[in-house]
Q: 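My questions will all concern the structure given below.
What you see is a predicted model, and the numbers here were worked out from it, not measured in a lab. One is the number of the first residue; the rest follow in order along the sequence. Note that ligands are numbered from 1 as they come in the structure, with each ligand's atoms numbered from 1 the same way.
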Amino acid sequence: MPKTWSAGRFKLTPSPHSPLIMGIVNVTPDSFSDGGQHNTASAAIAHAETLLKEGADILDLGGESTRPGSQGVSVEEEWARLAPVLKALVPWNVPLSVDTLKPEIMRRAVEVGVDILNDVNGFRAPGAEETLAASTVGGVVMHMLGEPRTMQASPQYADVVREVTAFLQDRLTNLEQQGVGLHRLMVDPGFGFGKTLAHNVSLMQATAAFSALGAGVLIGVSRKRMIGELTGIENPPQRIHGSIAAALFAAREGAAVVRVHDVKATRDALQVQAVLLGG
Ligand code: HH2
């Protein structure tokens with residue numbers, strides 16, 4: 001992978017065995033009253049500040065849940081959630097990512113000054129590739145089988161690593177043809193997005209093979225069902241220790257970015273590991 005990730009206003013360089021930490025900031029309220037929305041924006045801004053203090057290198061803002069079974073929201077609803085938070089955070093001068101699969105949200109986010117577009121749909125929607133190409137922002141190209149509403153129904157692959165690799169290679173080729181160089185891109189096998197536990201484990205073990213595609217690799221397993229299945233823990237916030245074990249493994253296998261909820265704990269664990277590995 002290229003040494004440095006070109007992402008909007010920033011050039012981001014992971015250290016050996018110590019990937020960049022992308023902290024997750026959800027802006028997804030359950031109630032959409034004006035009051036609720038305002039509270040959600042200020043809570044998200046406060047959470048962003050906490051994650052930065054804890055050592056996040058990048059903040060990833062999401063205005064639409066992509067959890068299995070979720071239905072999705074309209075462009076206007078998603079933007080109403082994201083816009084106040086994005087506009088407040090851009091002047092902080094920290095690398096900002098928006099987690100969206102909608103090209104219209106991508107366009108608006110780029111206009112406001114976002115640095116990274118994180119698309120769980122791999123820039124497949126009409127206009128998504130072009131939006132990335134017309135900007136200088138970084139892109140995260142993720143693999144998803146199907147769509148969030150149905151993806152976990154009964155995911156099937158003949159060879160999950162081969163198929164996800166072929167998909168990501170195809171997306172990179174298309175994006176390069178549009179003028180988006182590998183130095184601007186991360187690939188992500190998409191843990192839990194149309195995958196069983198066995199699929200997720202095989203993909204994690206193939207982290208180094210994904211690096212060989214020439215872009216960096218982003219790994220997002222924090223608090224996911226995969227960790228719950230391996231530990232028997234139902235409650236996502238309690239999956240922290242298992243999540244850290246996965247982040248440490250990803251780091252050793254050459255991941256450039258880990259997308260996590262528990263920034264402080266992940267940062268501490270990665271720092272100790274990097275020293276022990278001689279980084
Ligand atoms: N996972 C989720 C959302 N966005 N983006 C990337 N690149 N990789 C991922 O693995 C990924 C992602 C899962 O989101 P969800 O379960 O809805 O919750 P949260 O955003 O809190 O992780």
Side-chain angles (χ1 to χ4, degrees), residues 5 7 19-30 40 43-44 47-48 51 56-73 78 81-82 85 95-102 105-106 109 114-124 128 132 137-149 151-152 164 167-168 171 184-195 199-200 203-204 207 210 215-229 234-240 242-243 246-247 250 255-263 266:
W5 188 18
L20 299 162
I21 296 182
M22 175 184 265
I24 299 167
V25 181
N26 281 321
V27 197
T28 48
D30 294 312
T40 304
H47 188 55
L51 295 186
D57 300 298
I58 303 163
L59 297 173
D60 187 36
L61 311 182
E64 174 181 45
S65 176
T66 49
R67 283 190 176 77
S70 61
Q71 297 287 338
V73 294
E78 190 175 336
R81 294 173 181 183
L82 285 171
V85 184
L96 283 183
S97 160
V98 161
D99 184 351
T100 187
L101 39 71
K102 297 192 184 78
I105 298 285
M106 294 178 189
V114 79
D115 302 292
I116 296 162
L117 297 172
N118 172 21
D119 184 0
V120 298
N121 198 30
F123 297 91
R124 283 181 290 171
L132 188 58
V137 306
V140 180
V141 183
M142 201 194 81
H143 173 272
M144 168 167 62
L145 185 69
E147 54 178 46
R149 200 167 49 80
M151 65 193 179
Q152 286 302 97
V164 171
F167 170 88
L168 293 172
R171 299 310 306 139
R184 287 175 56 194
L185 296 171
M186 289 284 146
V187 292
D188 178 349
F191 296 92
F193 286 82
K195 281 105 184 175
H199 296 143
N200 287 323
L203 291 169
M204 190 78 179
T207 301
F210 295 122
V217 178
L218 182 148
I219 296 289
V221 289
S222 176
R223 298 186 183 179
K224 282 193 177 164
R225 188 186 306 175
M226 166 188 182
I227 305 295
E229 286 169 336
E234 278 293 322
N235 184 16
Q238 290 176 356
R239 296 175 181 160
I240 177 169
S243 301
V257 185
V258 288
R259 179 182 181 274
V260 304
H261 300 87
D262 303 292
V263 168
T266 309

Q: Which protein non-hydrogen atom lies closest to atom 20 (O) of ligand 1, naming both residue and atom, and how far is it?
A: Arg259 NH2, 3.0 Å

Q: Short list, please: which atoms of ligand 1 are under 4.0 Å from a heavy atom of Met142?
A: 6 (C), 8 (N), 9 (C)

Q: With atoms numbered from 1 as shown, which atoms in ligand 1 lie under 4.0 angstrom from a non-hydrogen atom of Gly220?
A: 10 (O)

Q: How many angstroms lie between atom CG of Asp262 and atom CZ of Arg239, to the nearest 0.5 angstrom?
A: 12.0 Å

Q: Please tell me if the side chains of Ile21 and Val258 come closer than 4.5 Å, counting only heavy atoms from C-beta onward.
A: yes

Q: Can you find an N/O atom of Asp60 closer than 3.5 Å to an N/O atom of ligand 1?
A: no

Q: Say you draw a straight line from OG1 of Thr28 to CD of Glu64; how long is it, rounded to the nearest 0.5 Å?
A: 10.0 Å

Q: Asp188 side chain to Gly190 main-chain N or O, any donor-acceptor pair under 3.5 Å?
A: yes

Q: Give the atoms of ligand 1, by number and element, whose distance to some non-hydrogen atom of Ser65 is under 4.0 Å.
A: 17 (O)

Q: Is it the case that the side chain of Ser243 and the backbone of Arg223 share a donor-acceptor pair, with hydrogens and angles ignored and the cut-off at 3.5 Å?
A: yes

Q: Give a yes or no answer on whether the side chain of Asn200 reaches the backbone of Gly192 with a donor-acceptor pair at less than 3.5 Å.
A: yes

Q: From the options Asp188, Val221, Asp119, select the one whose nearest heavy atom is closest to atom 8 (N) of ligand 1.
A: Asp188

Q: Tell me whether Thr207 contacts the main-chain N or O of Ala255 through its side chain, where contact means a donor paired with an acceptor under 3.5 Å.
A: no

Q: Would you check if the side chain of Lys195 reaches a backbone N or O of Leu145 as a donor-acceptor pair within less than 3.5 Å?
A: no

Q: Are any of the N/O atoms in Ile24 less than 3.5 Å from those in ligand 1?
A: no

Q: Side chains of Asn121 and Glu147, heavy atoms from C-beta outward: is any pair under 4.5 Å?
A: no

Q: Measure from atom 9 (C) of ligand 1 to every heavy atom in Lys224, His261, Arg225 and give the option owning the shortest one.
A: Lys224

Q: Which protein heavy atom lies closest to atom 5 (N) of ligand 1, and at what distance to 0.1 Å?
A: Asn118 ND2, 3.1 Å

Q: Hey, which atoms in ligand 1 end up nearer than 4.0 Å to a heavy atom of Val140?
A: 7 (N)

Q: Which residue and non-hydrogen atom of the protein lie closest to atom 16 (O) of ligand 1, and at what distance in Å?
A: Arg67 CG, 3.4 Å

Q: I need the atoms of ligand 1 closer than 4.0 Å to a non-hydrogen atom of Val120, numbered in the order shown.
A: 4 (N), 5 (N), 12 (C)

Q: Can you tell me which residue and heavy atom of the protein come closest to atom 14 (O) of ligand 1, and the distance to 0.1 Å?
A: Thr66 OG1, 3.6 Å

Q: What's the shortest distance from atom 4 (N) of ligand 1 to any protein heavy atom, and which residue and atom give it?
A: Asp99 OD2, 2.8 Å

